[in-house]
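Report on the structure given below.
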Amino acid sequence: MKKMTKKQMYLYGLPGLATLFTFTMFTTYGLYFFTDVVGLSGSFAGFIMTIGTVWDAITDPLVGMISDARDPQKGRRRPFLIAFAIPFGIVTWLLFTSWNFVETTQKIYFIVVAILFYTFQTLIDIPYTSLSGEVTNDYDTRSRLATIRTFWAIVGVALGSGIMAYTSFLAPFVGSIKNAWSVCFAIFGFICTISILLGWKVSKGYENQEDIIKEKVTFKDLLNGPLRNKAFLHLTAAFIFAILAQAVFLGVLVYYLTYNFI
């Protein structure tokens, strides 16, 4: 296998900015946007978040199976990046855009867009995460690629953490706070699309085309295997509670800071 240069490694890690950044932004600011910007009830806003999370849990293993089953000669991972880079950027924008529909239509709109967001996020993130195991056989290089991916995710979160300031500044120029959120996430969506396309381009020629799947894994296998692994179940439970605590903390923190310090 060819060896990536440092520049290529940093460019390869850019899709991590898109997937992890948008996921963090949605889990942190989604509730606030739905309730205080759009005007939906807190219970329905929470329902939208729940529907998206449940859908994400279903699609993750399915996309993994689809990606694994593809012909290596045609590419098992990279085609997902080029196919869904633009749709992912568009749905990132739509997720934080309110069209002033009537209430019922508004609710249906955000449920559909949330599902599409998690779908495209999965179609990018699962193959991209798996790609790092195919572009190199070296353990240290794989670890370095994972670190760079996390680095870009942190950069994205740092960039997005100023969303409240960005929207307040833009509101007078674009007509309303709703429009300001839409403009900000249109820019974020564009950045995400470019990041994914750069990762796709720089990984050309590195995806292993010789690994042939001889035994297909069924959805039943995905359920039975982990459920029999006690260590995996313990780790999964810990991970779920950690993510839950993080989501609750970040979601509440936005309201706390908004109504106590802004």
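Residues take their numbers from the sequence shown, with the count starting at 1. Any value given below was found using the heavy atoms of this structure, including those in side chains, with hydrogens, waters and symmetry copies removed. Treat the numbers as computed from the prediction; the structure is a model and nothing was measured.
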F21/C192 under side chain to side chain contact (heavy atoms under 4.5 Å, CB included): CA gap, chis, key distance, verdict = CA-CA 9 Å; F21 158 62; C192 288; 4.0 Å; yes
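- Considering all non-hydrogen atoms of both residues, S203 and G199 come closest at OG-O, 2.9 Å.
- Partners of W93 by ring pair (Phe, Tyr, Trp, His ring centres under 6.0 Å), not counting sequence neighbours, listed by chain and number: W99.
- I66 is listed as a side-chain neighbour of F80, based on a closest heavy-atom distance under 4.5 Å.
- Residues F33 and F47 share a single hydrophobic cluster, defined by chaining ILVMFWY side chains whose heavy atoms lie under 4.5 Å apart.
- Counting only heavy atoms from C-beta outward, the side chains of T92 and F117 approach each other to under 4.5 Å.
- Between F88 and T193 the shortest side-chain heavy-atom distance does not fall below 4.5 Å.
- Y29 is listed as a side-chain neighbour of W181, based on a closest heavy-atom distance under 4.5 Å.
- No side-chain heavy atom of F185 sits under 4.5 Å from any side-chain heavy atom of T22.
- Residue pairs meeting the side chain to side chain donor-acceptor pair (under 3.5 Å) criterion with at least one partner in residues 7-19, sequence neighbours excluded, are T5-Q8, Q8-Y206, T19-D125.
- Residue L62 holds its CG atom at 10.5 Å from CG of L123, rounded to the nearest 0.5 Å.
- Here the shortest heavy-atom pairing between V91 and V113 reads CG2-O, 3.8 Å.
- Across every non-hydrogen atom of M49 and T27, the tightest pair is CE-CA, 3.9 Å.
- Contact annotation: the side chain of M4 never approaches that of T141 to less than 4.5 Å [non-hydrogen atoms, C-beta and beyond].
- The side-chain heavy atoms of T167 and V37, taken from C-beta on, include no pair separated by under 4.5 Å.
- A 4.5 Å side-chain heavy-atom check between F44 and I111 finds at least one atom pair inside the cut-off.
- S132 places a side-chain N or O within 3.5 Å of a backbone atom of T129 that can act as its donor or acceptor partner.
- When the shell of 6.0 Å around CZ of F101 is examined, it contains more than 12 heavy atoms from other residues, nucleotides or ligands.
- Atom-to-atom distance recorded for T122:OG1 and D56:CG is 4.0 Å, nearest 0.5 angstrom.
- Residue pairs that meet the side chain to side chain donor-acceptor pair (under 3.5 Å) test with at least one member in residues 33-45, sequence neighbours left out, are T35-Y255, D36-Y259, S41-S43.
- Grouping the Ile, Leu, Val, Met, Phe, Trp and Tyr side chains by contacts below 4.5 angstrom, directly or via other members, places I154 apart from I196.
- In terms of heavy atoms, M25 sits closest to G160 at CE-O, 3.4 Å.
- Cluster membership check: F151 shares its hydrophobic cluster with Y128, using side-chain heavy-atom separations under 4.5 Å among Ile, Leu, Val, Met, Phe, Trp and Tyr.
- What you find for L17 and S195 is that their closest heavy atoms are CD2-OG, 4.0 Å.
- To the nearest 0.5 Å, the span separating OG on S98 from OH on Y109 amounts to 8.0 Å.
- Under a 3.5 Å cut-off, the side chain of S182 and the backbone N or O of K178 do not form any donor-acceptor pair.
- Heavy-atom neighbours of I86 CD1 from other residues, nucleotides or ligands within 6.0 Å: at or below the threshold of 12.
- Criterion: ILVMFWY side-chain heavy atoms under 4.5 Å apart, direct or through other members. Under it, V155 and L20 are not part of a common hydrophobic cluster.
- Between the side chain of R70 and the backbone N or O of R77, no donor-acceptor pair lies under 3.5 Å.
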Let me see the working for I90 and F120 under side chain to side chain contact (heavy atoms under 4.5 Å, CB included), right down to the final yes or no.
-> CA-CA 10 Å; I90 293 174; F120 290 135; over 6 Å; no
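- In this structure, F190 places its CZ atom where only 12 or fewer heavy-atom neighbours from other residues, nucleotides or ligands lie under 6.0 Å away.
- Connection of L235 to L233 is not established within any shared hydrophobic cluster, with ILVMFWY side chains joined at heavy-atom distances below 4.5 Å, either directly or through further cluster members.
- Residue I148 comes nearest to G13 through the heavy atom pair CG2-CA, 4.1 Å, listed as atom of the first residue, atom of the second, then distance.
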